[in-house]
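On a predicted model such as this, the values are computed, not experimentally measured, just so you know.
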Amino acid sequence: MCLLAVKLVLAATLQPLGDEAFYWQESRHLAWGYSDLPPFTAWLIRLGEVLAGHGVLGMRWPFLLLGSALPWLLVAFGRRAFDARIGWQAGLLCLCLPLAGSLGVIAMPDVPLTVAGALAMLALLRAMDENRWRDWLLLGVALAVCWMSHYRAAMFIVAGLLLCLLTPRGRRQWSRGGFWLALGVAALGTLPLLISNWQQHGAGLAFQLLQRNPWRFHADTLVQPLEQAATCTPLLYAGLLWAAWQAWRRRREGGPWDVIAVLSLSFVVIYFVAGLFADDQRFRVHWPLPGYLPLLAALPALLREVAQGWRRFAVAAGVLALVLQLMGLAYLGASAFPAAARWLGAARAMPTALIGWQQSAAIARAQLDAQPAVLVADNFMMAAELDFQFDGQRPVYTLDSPLNVKYGRAPQVAWWGRNETALRHDHAGAAVLLVVDEHALRERERAAWLKTLCSRVSNLQPLQRLGMFDARKSVAFYRGQVAAVGAPFNASADCVAWRSAAAGGE
């Protein structure tokens with residue numbers, strides 16, 4: 001209950017992340033899918049706000065509810081795999097594992113993906129044991145929800161197929177009608193992906209499979225186990241790896257060990273290998289989380305067979321992980337309270353992705369009240385944050401920032417008619433209020449982008465700059481004019497000087 005209370009406070013107070021605000025924008029344009037994701041995240045956000053009104057809690061409560069269900073699914077999984085006591089221990093370990101225990105605070109696609117994946121694992125275990133149609137149907141529905149949540153649903157299919165190819169019990173499932181029913185129902189979850197990619201000429205698949213992944217070896221990603229150890233906490237991570245090894249050794253003994261071994265190691269090993277060649281520019285430490293979930297049931301079952309000292313050590317590891325998780329959540333929550341934010345800012349330890357959005361929107365609102373104009377942001381995240389703060393009451397356009405391409409959002413904002421081309425087409429000659437997040441891009445990309453601003457909007461005149469925490473985050477405001485398509489731009493001397501200062505004088 002303590003952890004749930006902390007998560008509830010955070011969900012109600014944290015300003016939205018840039019990605020999260022973009023998912024909210026998608027919820028205002030319901031569709032079969034988007035250039036970055038399938039539709040389920042947007043559908044959940046829309047449901048949340050329809051029932052609870054606009055706001056961070058209205059947006060997040062469905063995800064908080066789903067995240068709170070995950071420990072109970074682990075209780076059911078542990079009970080099915082072993083016994084009731086192991087089930088409760090698995091549920092408690094789920095609360096201790098930071099990525100699992102904190103799930104649902106932010107409205108992200110990994111929440112329904114992980115919860116539906118855990119439900120699929122439970123349904124598969126039941127179906128393989130008892131061969132009941134309702135369990136196979138539940139498995140299919142859960143996998144369909146995975147497909148509608150994220151493209152990484154493919155890993156659940158891969159893990160299940162490996163189980164049905166590599167283990168004797170798995171190979172027996174091919175002759176069962178329920179198995180094919182589950183696959184058929186799961187395939188229905190791909191329909192939104194197929195329709196949206198057909199509508200957007202394959203933009204989603206192109207981004208997920210090609211544009212975001214270099215598909216070449218980069219040695220720096222060999223540190224992935226260290227990243228996972230830091231994310232899970234080192235002692236608990238070591239315990240989970242030991243449980244995976246023991247489950248693999250026992251996979252021929254019957255019971256749940258074949259399911260636990262293949263499903264968990266599929267996620268852990270395949271994601272590690274793929275990570276050596278795939279995207280290393282975006283946050284991805286959460287990818288193997290579904291593979292850890294069955295191990296949370298295996299670990300207490302295995303610890304019953306070891307000396308009491310090792311069991312006490314495992315309890316201490318779990319308690320330590322829970323304490324560190326609560327400390328991490330408190331750190332995030334500090335950004336919602338001005339006094340704590342100032343203290344952390346002075347120590348240069350403030351998570352800047354969660355600050356400044358309300359202040360930026362307040363300045364933009366005052367500027368627009370003083371002189372109406374078309375509201376434009378320099379990248380999709382700033383545009384989404386402003387749109388969220390204005391509750392969608394006015395259109396917010398975005399310039400064609402490299403950030404839009406990097407995160408696969410450029411096709412989507414073009415589809416909505418909110419990109420730079422649409423701005424020039426719809427508002428040629430109109431006054432503009434341009435809001436620029438000067439630290440949105442990496443330092444090596446920042447100067448080149450800021451230098452292009454004066455050539456994207458004519459007659460830019462600097463208004464003010466919002467600086468926070470020793471300029472670790474700054475938002476600049478300009479007024480200008482939309483140039484018609486093909487028309488020359490006029491760059492003011494003040495704009496050039498101001499922009500050059502922001503770019504470090506380069």
Side-chain angles (χ1 to χ4, degrees), residues 15-18 21-22 341 345 348 350-390 394-404 406 413 418-420 423 427 430-483 489-506:
Q15 295 183 47
L17 292 169
F22 191 80
R348 304 184 69 81
M350 171 54 58
T352 57
L354 291 166
I355 60 173
W357 307 119
Q358 291 177 337
Q359 298 92 321
S360 300
I363 293 173
R365 185 176 286 107
Q367 290 288 345
L368 292 170
D369 289 342
Q371 183 179 340
V374 179
L375 183 57
V376 181
D378 77 307
N379 68 81
F380 82 91
M381 283 194 185
M382 176 58 78
E385 292 285 356
L386 289 171
D387 200 9
F388 181 85
Q389 299 297 338
F390 280 88
R394 62 182 308 128
V396 184
Y397 290 82
T398 174
L399 299 181
D400 296 338
S401 167
L403 206 66
N404 302 3
K406 177 180 178 180
V413 294
R418 290 292 182 264
N419 65 349
E420 201 168 316
L423 172 67
H427 299 282
V432 163
L433 176 65
L434 176 63
V435 186
V436 179
D437 183 351
E438 296 179 325
H439 290 77
L441 291 168
R442 292 174 179 265
E443 188 172 357
R444 63 176 179 268
E445 304 168 312
R446 190 180 306 155
W449 168 246
L450 293 176
K451 287 180 180 180
T452 70
L453 295 180
C454 299
S455 63
R456 292 176 180 272
V457 180
S458 286
N459 300 314
L460 272 185
Q461 299 291 337
L463 295 175
Q464 67 183 101
R465 179 176 283 127
L466 171 65
M468 292 164 282
F469 307 116
D470 298 326
R472 289 175 56 233
K473 182 165 186 173
S474 59
V475 180
F477 299 81
Y478 300 82
R479 284 199 182 273
Q481 187 178 26
V482 180
F489 290 87
N490 297 313
S492 71
D494 288 342
C495 170
V496 174
W498 224 48
R499 173 266 292 154
S500 297
E506 299 178 11

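Using a distance-only test at 3.5 Å, with no hydrogens or angles considered, a donor-acceptor pair links the side chain of Q15 to the main chain of Q358. The main-chain N or O of N459 is never found under 3.5 Å from a side-chain atom of Q481 such that the two would form a donor-acceptor pair. In terms of modelled atom types and a separation under 3.5 Å, the side chain of R456 and the main chain of E420 share no donor-acceptor contact.
When every heavy atom of P16 is checked against every heavy atom of E385, the shortest pair comes out as O-OE2, 2.6 Å. Of all the heavy atoms in N379 and A440, the pair that sits closest is ND2-CB, 3.6 Å. Scanning all heavy atoms of the two residues, the minimum distance from L441 to R446 falls at O-NH2, 3.4 Å. Listed here is the closest heavy atom pair of M382 and S360: CE-OG, 4.5 Å. Contact record, A361 with L386: CA-CD2, 3.9 Å, taken as the closest heavy-atom pair. Listed here is the closest heavy atom pair of V436 and L434: CG2-CG, 3.7 Å.
When each of V413, N404, L399 is tested with N419 by the rule side chain to side chain contact (heavy atoms under 4.5 Å, CB included), just one qualifies, namely V413.
Here the straight-line distance linking atom CZ of R479 with atom CD of Q461 works out to 11.0 Å at 0.5 Å rounding. Rounded to the nearest 0.5 angstrom, E445 CD and K406 NZ are separated by 6.0 Å. The CD atom of Q367 lies 11.0 Å from the CG atom of L375; values are rounded to the nearest 0.5 Å. Rounded to the nearest 0.5 angstrom, I363 CD1 and R465 CZ are separated by 12.0 Å.
Counting heavy atoms from C-beta on, the side chains of V482 and Y397 never come closer than 4.5 Å. Looking at heavy atoms from C-beta onward, D437 lies out of side-chain contact with M381 at the 4.5 angstrom threshold. Side-chain contact between L368 and R394 is present, with heavy atoms from C-beta onward closer than 4.5 Å. Using a 4.5 Å cut-off on side-chain heavy atoms (C-beta onward), W449 and L403 make no contact. Counting heavy atoms from C-beta outward, D378 and Y478 have side chains that stay 4.5 Å or more apart. In this structure, the side chains of V457 and V376 stay at 4.5 Å or more apart for every pair of heavy atoms.
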